[in-house]
Structures are given as C-alpha cells and as structure tokens.
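Inspection log for the structure reproduced underneath, given as structure tokens.
First the proteins, then the strands, lettered A, B, ... as listed; each starts at 1. Bear in mind the structure is a predicted one, so any value in this text is a computation, not a measurement.
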2 protein chains.
Amino acid sequence: MKRNSVANQPAGATPLSPVEVEVIHLFVQLSRALGQPPSVAEIYGLLFVSPHPLPQDEFYDRLNLSKGSASQGLRYLLDLGAVRTVYVAADRRVHYEAVAELRNLAGRFMRQQLLTNFEDSGARLARIAAEAQKLDGEERKHVVSRVKMLQSWEKNVKRVLPIILTVLGGRNGAAR
Amino acid sequence: MKRNSVANQPAGATPLSPVEVEVIHLFVQLSRALGQPPSVAEIYGLLFVSPHPLPQDEFYDRLNLSKGSASQGLRYLLDLGAVRTVYVAADRRVHYEAVAELRNLAGRFMRQQLLTNFEDSGARLARIAAEAQKLDGEERKHVVSRVKMLQSWEKNVKRVLPIILTVLGGRNGAAR
DNA sequence: TTTATCTTTCATTTCTTATTGAACAATTCG
DNA sequence: CGAATTGTTCAATAAGAAATGAAAGATAAA
C-alpha cells in the first residue's frame, strides 16, 4: 500500500479528526524546516494532540504508515527525548506519550543535530590555520583573516546557543 | 562527467589547494546541518577563501560541477545575499565575491528558511483553535491546552530570533 | 551582421534518503 | 508446550532532492 499523505485508513481504524489532521500538518511543516522525515513528524503530531498515551498500532493504522516506520520513528523520538513510554495496566502493548516542554525538546534536538554534523569543526579549523601558514604574501594574509573570521563565528555560535535555550525555557510553553 | 566529490579538474584548471579543500569541507559540513545542497556550499566555500572575486567558470572548472549547478548555485546565493557581484575591468564575465558578515548571513538565511516553510503557521493555529471548540468535554480541554502550548511556542520563537541576531552581530566576525 | 563568449533554463539522470514489508525475535496467554 | 500478539531489523523499493548537459538566450567584439 502506498503512502498517500494522510489518508485511507485500513477498515476499522478511527479516521483522523480535522483537528488531528491540522496539528499533524503543522508538525510536518515544521519537520521540513528542520530537515526531519515526515513520518516522524506525523507520529509526534498525533501524539501531541492525543489526550491518551498511544500504542504502536494506533500509528500505523491511523496514519497508515508501515510497522517499520512506526517502530523506527518512535525509537528515534525516544532517543531524542521527545517521547516517553507509559505503562498501561492490563495491556501488553507499550504506550507512548509526547514530551512537550519546548526547552527540553529544542535543547536535545540542537545538541543531536549539531553534534552529529559538527564534532570536529574545531580540529579542522586548527588544521586550516596551520595550512594557511604555508602560503605566502598577500594570499596568506587573506586566508589567515578568513580563518580568524571562522573562528570568531564558531565562538559566537557557541555563545548564542545557551542563551537561546535559556530564553526558550524561561517563560515556557506550559499552557495554564 | 560524474561528480566525484572534490577531485579531478579538467586539464588546465588550477587544482584546489589544501587550504581550499579544507575550507570547502567545512562549509559542506555546515550545509548538511542546515539542509543546504553541497554544491552551494562548495561554491560559497571557494569564494570565502578566495582573495579575488571569481567568475563562473572558476567554479565549474575547479570544483568540477556542471555549468548548470554553478549558475543556479550562484543565483541562489545572490538571492540569499551571501554573495555579491563585482565588476572587473576588461573582463566580460560577471565576478562574484562572498558576503561574509555573520549577522547578515544568519539573518537572511533564517528569514528565508522560516518564511518559506512557515508563512501560514499563525493562520493554521487559529484554524486549529476554532476546530478545537467543536470537540467536547475532556478532549476539548486537552486539545485547547495543546493549542495554547503551540501558540506559546510560536511566540517564544518569535521573541528569540531577534535576540539571536543581535548577539551574533554584536561583536561580529571581522577579523582584526 | 556574424561570430565568439558568457549565462540561464529545464527535461533528464543520478544520488540520497525515507519507507515498506516480510522475516525474525520476544513475550504473554491458554 | 504451541499459538497469538507485539515489536524490531534490514534488504529492497519508492520518493524526493540535487546535479547534469544540451539547447537556447544574451551580450559584446570583430
């Protein structure tokens, strides 16, 4: 069966309500901006509106994605800390609920994202600086100044990140 | 000819120096984190280290990408404001140079990125809020609180963005 | 005007990433 | 112990994104 956006559930599954559809859309949109796969966004979106913890089959029945996607997507969200498991009495299935505190979410996401792609940027910058010394005259002057610029960028970004997290967390999103 | 990373220039083109290679790597890495195509990162990286403005053929000769990619990539960077054109006397070709102020770069990039994916999120939130009123009892209560949470998130993000830009710009990257 | 140079466009191809689904655990129930 | 239910893994496939290259525009020089 093909993934035709959010549509045609298998017989017996409760179709998505209009609110659910809208909220899921919102998260899918967000996922594009953040470079995350849509299936993950769908899963998180559904969990986010749901008043109860949900078991895995809810996801592949109602969002009609494959077992595999549901399993992988949930594991990814678990690792990210965007979702937690909940024990439900008299039910064998593992249930999930959304972790919705913006500070945690944003923080973990950034860490994951930046660490994955960035670990060695400092080392690389040092290597570049060293290489630059081998150049001569005008060119060296220019390259050295560019490298300094990059180092300054790095420092700035490192300075800004904690601030972002603080501000995001300060008055945070707990609706009351 | 296939794109085999940064390698085999056509005969006659100056091969990339070690410094250039490293700097380009750095930008390609960054581009992954930001979800930008590698070819664009290569172009910007080369321009960033270059002490002179460069014409288009430099890009497809030395980075060996196609004319098409060079043209499109440069246009993209121009639109973003990450690159500007430079007039060079007695040369018919348009030359390009990098715009390297972090504040401008980051600002424009965020604006472009967020506007593209986000324009209507406010409207969508309003629609969701309206839909939520149609629900009843417990469920409505929960959905309404979630919607409030989303609205609060949106507000927080809008509040944080200008701060980020200010801090990035404050002591900015002009090497001296 | 004709020719040469430089640039853009866009249908096609290639490459990357996300998703599927069938096979294989693992667990609980009868 | 099976049998049924739940969950994971991973090779194969599909969907999507980026890059190519050939053709067509522009512009300038001869």
Side-chain angles (χ1 to χ4, degrees), chain A residues 1-8 10 12 27-29 31-44 53-61 63-79 83 85-96 113 116-117, chain B residues 1-10 12 27-29 31-44 53-79 83 85-96 113 116-117:
Chain A
M1 182 180 293
K2 60 174 176 302
R3 297 268 351 265
N4 198 3
S5 158
V6 176
N8 66 337
F27 280 99
V28 169
Q29 213 169 225
S31 79
R32 299 201 123 252
L34 301 178
Q36 246 40 43
S39 69
V40 169
E42 289 173 353
I43 292 172
Y44 187 80
L54 300 177
Q56 249 190 234
D57 38 316
E58 289 277 324
F59 298 102
Y60 49 83
D61 288 349
L63 296 170
N64 66 274
L65 26 87
S66 66
K67 277 187 169 197
S69 286
S71 173
Q72 288 173 183
L74 284 166
R75 185 153 62 75
Y76 175 80
L77 289 168
L78 263 181
D79 292 351
V83 138
T85 57
V86 175
Y87 171 74
V88 170
D91 196 328
R92 186 124 82 82
R93 300 166 299 176
V94 174
H95 287 62
Y96 297 85
Q113 190 75 347
T116 305
N117 294 296
Chain B
M1 183 179 295
K2 61 175 175 300
R3 297 267 352 267
N4 199 4
S5 160
V6 176
N8 65 339
Q9 283 79 16
F27 279 99
V28 169
Q29 213 169 225
S31 79
R32 298 202 124 249
L34 301 179
Q36 247 40 41
S39 68
V40 170
E42 290 174 354
I43 292 172
Y44 186 79
L54 300 176
Q56 247 188 236
D57 37 316
E58 288 278 324
F59 298 102
Y60 50 83
D61 286 349
R62 305 192 61 209
L63 297 170
N64 66 273
L65 26 86
S66 65
K67 282 185 173 198
S69 287
S71 172
Q72 288 174 183
L74 284 166
R75 186 154 58 76
Y76 175 80
L77 289 168
L78 262 181
D79 291 350
V83 139
T85 57
V86 175
Y87 171 74
V88 170
D91 196 327
R92 185 123 81 82
R93 300 167 298 175
V94 174
H95 288 60
Y96 297 86
Q113 190 74 347
T116 305
N117 294 296

Nearest-nucleotide comparison on DNA chain D, the residue closer to the 5′ end among A/Asp91 and B/Gly68: A/Asp91
Rounded distance (Å) that lies between atom P of C/dT8 and atom CG of B/Leu78: 9 Å
Separation of atom CZ in A/Arg32 from atom P in D/dA15, rounded to whole Å: 15 Å
Whole-Å gap separating P (C/dT8) and CD1 (B/Ile43): 11 Å
Pair A/Gln36, A/Tyr44: side-chain N/O donor-acceptor within cut-off below 3.5 Å: no
Between OG on residue A/Ser39 and OH on residue A/Tyr76, distance to nearest 0.5 Å: 10.5 Å
Below 4.0 Å: OP1/OP2 of C/dT8 and any side-chain N or O of B/Gln56: yes
Residue pair A/Phe59, A/Glu42: steps toward the side chain to side chain contact (heavy atoms under 4.5 Å, CB included) verdict: CA-CA 9 Å; A/Phe59 298 102; A/Glu42 289 173 353; over 6 Å; no
Candidates C/dT19, D/dA18, D/dG7 - which lies nearest the side chain of A/Asp57: D/dG7
Closest listed nucleotide, where the reference is the side chain of B/Tyr60 and the choices are D/dA18, C/dT19, C/dT7: C/dT7
Rounded interatomic separation in angstrom, taking CG from B/Leu74 and C1' from D/dA18: 16 Å
Any B/Ser39 side-chain nitrogen or oxygen under 4.0 Å from OP1 or OP2 of D/dA18: no
Short side-chain N/O contact from A/Ser71 to OP1 or OP2 of D/dT8, under 4.0 Å: yes
B/Arg32 atom CZ, over 12 foreign heavy atoms within 6.0 Å: no
Between D/dA17 (P) and B/Tyr76 (OH): distance, integer Å: 14 Å
Identified side chain to side chain contact (heavy atoms under 4.5 Å, CB included) partner of A/Tyr96 from the options A/Leu77, A/Leu54, A/Val86, A/Thr85: A/Thr85
Euclidean distance, atom CG of residue A/Leu65 to atom C1' of D/dT13 [Å, nearest integer]: 17 Å
Spacing of A/Gln72 atom CD relative to C/dT19 atom C1', expressed in whole Å: 8 Å
A/Asn117 to A/Gln113 - nearest heavy-atom pair and separation: ND2-O, 3.0 Å
Between CG on residue A/Leu34 and CG on residue B/Leu34, distance to nearest 0.5 Å: 11.5 Å
Considering only nitrogen or oxygen atoms on both sides, find all protein atoms under 3.5 Å from nucleotides 24-26 of chain D and state each distance.
none

Interatomic distance where CZ belongs to B/Arg75 and C1' belongs to D/dA18 [whole Å]: 15 Å
